[in-house]
Amino acid sequence: MIRHLGYACKNMTLGNKVLTDRTLREARFTLERVDDLVLKNSQDLITIMQWNADNEIKFFRIGSGLFPFMDHPKQYYKFEDLKNWPLIAANIAVAGKIAADNGIRLSCHPGPYTCLASPDNLTVIKSVKTIEMHAMLGKMLCLPTDDFVINFHMGGVYGDKRETAKRFINNLNTLLTDWERKHITIENDDKASMWSISDLVEYGIGNKVRLVLDVHHHRFCNRESLHDAADMAFETWPTDQVPKIHYSESAEGKKPQAHSDYIFDPIPNDLHSRDYDVMIEAKAKELALQAYQRKYQLLHS
DNA sequence: ATAGGTCAAGCGAGG
DNA sequence: CCTCGCTTGACCTAT
């Protein structure tokens, strides 16, 4: 059964002045500019988290744009290089405290350029840097539990799933820390040739990390029923943890994989006997979540 | 003040 | 070969 509903990264209600992904063009990069942006991003993360608490939203994805260029291969800066780093760290810890005090589950989702299994070594190195940056964020939240996850995709098939899975597992084992390994989840893909939940299980990924079922992606890439996918994905989550799924719908007039502003259909509530939390991926963000709750009269606390 | 082009990035599908 | 779509539009320049 569905437990909490969540939304991702940005808040429409608070408007476009409250942002956690202020950035700048690479050509304009200076440490002073980025310091100012990161400080503002961290302050607004508090604002959004407090809004979540006030509105009883208990599942939220933190955006990946908090620290512009921090995972860039040119290594423009490290966190400690920021003059305001103590204040920024404190802000992020406050956001984490609000989440912890209000039972808000937090996750993050490094982007499609995170390709840990790439045959290209530079791509792997960049992917590791991205994962490290998200891990730093996860630690800075100072959460009292290990519930925070860094969720991403395999990144590609590269013509051979078995070899790619071996590279993934090898890179996972050798290039990442225990903390990072422990907090990674992998999500199924939205193209038929790519990674279904059953593929992730069959090729051993599900033995190494937990799997997140994306219901929308499953439509485009499946070698198993949705219920079987849920069974397989949830099996990778210890029974004292609540598994997560993603839910979204197609936008009209675009590729079917594109996300709609709002969601209209009922989210499957019978995927599993276990409780699960649902990350709603809709362009209208928390407005889509709230509209869904009103429409279906759901009282997800 | 706003419109429109631009942006750091990997992969695969489709035209 | 180009565009789209993904985690997410915001930045920047010219008007």
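Worth knowing before you read on, the calculation uses all heavy atoms, side chains too, and leaves out hydrogens, waters and symmetry mates. Convention: sequence-line order gives letters A, B, ...; per-chain numbering from 1.
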| Which residues in residues 192-216 of chain A have at least one heavy atom lying under 4.0 Å from any atom of DNA chain C? | none
| said: For A:L37 and A:E281, find the nucleotide of DNA chain C closest to each by heavy atoms; which residue's nucleotide sits nearer the 5' end? | reply: A:E281
| query | Under a criterion of less than 4.0 angstrom to any heavy atom of chain A, what are the 5'-terminal and 3'-terminal contacting nucleotides of DNA chain C? | reply | C:dC4 to C:dC12
| note | Side-chain contact check for A:S118: nearest option of B:dG12, B:dC11, B:dA8 is B:dC11
| said: In whole Å, measure the gap between the P atoms of C:dC4 and B:dC7 for me. | reply: 16 Å
| message | Testing the 3.5 Å rule here: is there a donor-acceptor pair between the side chains of A:N188 and A:H217? | response | no
| said: In whole Å, measure the gap between the C1' atoms of C:dG9 and C:dG5 for me. | reply: 14 Å
| request: Mind calculating the distance between CZ (A:F168) and P (B:dG10) to the nearest angstrom? | output: 18 Å
| remark: Within residues 108-117 of chain A, the residues having a heavy atom closer than 4.0 Å to DNA chain C are A:H109, A:G111, A:P112, A:Y113
| field | Note: A:D277-A:K244 ion pair, threshold 4.0 Å (strictly below) | value | no
| Strand DNA chain C in bracket notation, Watson-Crick/G-U under 3.5 Å with | for pairs to another chain | ||||||..|||||||
| query | Taking the six-membered ring for Trp, are A:F67 and A:F79 parallel (under 30°), tilted (30 to 60°) or perpendicular (over 60°)? | reply | perpendicular
| said: Which residue is it: A:L66, A:T20, A:I88? I am looking for the one with a side-chain contact (heavy atoms from CB on, under 4.5 Å) to A:V38. | reply: A:I88
| field | Pair A:H246 and A:H259, ring centroids less than 6.0 Å apart | value | no
| message | Under 4.0 Å, counting only non-hydrogen atoms across every strand here, what does A:K129 touch: a base, just sugar-phosphate, or nothing? | response | nothing
| task | May I ask you to say what A:K10 touches in the nucleic acid, namely base, sugar-phosphate or nothing, with a heavy-atom cut-off under 4.0 Å? | result | sugar-phosphate
| How are the rings of A:Y76 and A:F69 set relative to one another: parallel (under 30°), tilted (30 to 60°) or perpendicular (over 60°)? | perpendicular
| request: State the CG-NE2 distance between A:D147 and A:H183, to the nearest 0.5 angstrom. | output: 8.5 Å
| request: Look at the side-chain heavy atoms of Ile, Leu, Val, Met, Phe, Trp and Tyr, link any pair under 4.5 Å apart, and say whether A:L200 and A:L176 land in one connected group. | output: yes
| message | Need one value for A:F152: base, sugar-phosphate or nothing, where a base atom within 4.0 Å counts as base even if backbone is also close, heavy atoms only. | response | nothing
| said: Here's a test for you: under side chain to side chain donor-acceptor pair (under 3.5 Å), which of A:H216, A:R61, A:H109 qualifies with A:E281? | reply: A:R61
| Salt bridge flag under 4.0 Å for residues A:K40 and A:D44 | no
| Does a side-chain N-to-carboxylate-O contact under 4.0 Å join A:R223 and A:E202? | no
| CD1-CD1 distance between A:I267 and A:I2, expressed to the nearest 0.5 angstrom | 5.0 Å
| request: Using whole Å, report how far CD of A:Q75 lies from P of B:dA8. | output: 18 Å
| message | To the nearest 0.5 Å, what is the distance between CG on A:L287 and OH on A:Y7? | response | 9.5 Å
| Less than 4.0 Å between a side-chain N and a carboxylate O, is that true for A:E163 and A:K166? | yes
| task | Could you check how far CG of A:N121 sits from C1' of B:dG10, rounded to whole Å? | result | 15 Å
| message | Just the rounded figure in Å: distance from P of B:dA9 to CG of A:D120. | response | 13 Å
| At under 4.0 Å between heavy atoms, what does A:G65 touch on the DNA or RNA strands: base, sugar-phosphate, or nothing? | nothing
| query | Given the P atoms of C:dC6 and C:dA10, what is the spacing between them in whole Å? | reply | 16 Å
| field | Residue pair A:N173 / A:K208, side-chain heavy-atom distance below 4.5 Å | value | yes
| Interatomic distance, A:K191 NZ vs B:dG14 P [rounded to whole Å] | 9 Å
| query | What's the base orientation of B:dT6: syn (chi within 90° of 0) or anti? | reply | anti
| query | What residues form a salt bridge (charged side-chain N to carboxylate O under 4.0 Å, His left out) with A:R181, not counting sequence neighbours? | reply | A:D178
| Checking all strands, does A:H217 fall into the base, sugar-phosphate, or nothing category for heavy-atom contacts under 4.0 angstrom? | sugar-phosphate
| query | Between B:dA9 atom P and A:M70 atom CE, what is the distance in whole Å? | reply | 19 Å
| field | NZ/NE/NH1/NH2 to OD/OE distance under 4.0 Å, A:K10 and A:D21 | value | no
| said: Taking 4.0 Å as the cut-off, does a side-chain nitrogen or oxygen of A:K126 come that near to OP1 or OP2 on B:dG10? | reply: yes
| task | Evaluate the ring planes of A:W179 and A:F148, with Trp represented by its six-membered ring, and classify them as parallel (under 30°), tilted (30 to 60°) or perpendicular (over 60°). | result | tilted
| task | Report the distance from atom CZ of A:F220 to atom P of B:dC11, rounded to the nearest whole Å. | result | 22 Å
| task | Have a look at A:G156 and say if it touches a base, only the backbone sugar-phosphate, or nothing, with a 4.0 Å heavy-atom cut-off. | result | sugar-phosphate
Identify the pairs formed between an N or O of the protein and an N or O of nucleotides 2-6 of chain B at a distance under 3.5 Å, and give each distance.
{"unit_1": "B:dT6", "atom_1": "O2", "unit_2": "A:R25", "atom_2": "NH2", "d": "2.6"}

| query | Could you state the OH-P distance from A:Y76 to B:dA8, rounded to the nearest angstrom? | reply | 8 Å
| query | Between B:dA8 and C:dT13, how far is it from one P atom to the other, in whole Å? | reply | 12 Å
| request: Could you measure between the two C1' atoms, the one in B:dA1 and the one in C:dT7, and give it in whole Å? | output: 30 Å
| task | Describe the nucleic acid contact of A:S64 in one word from base, sugar-phosphate, nothing, applying a heavy-atom distance below 4.0 Å. | result | nothing
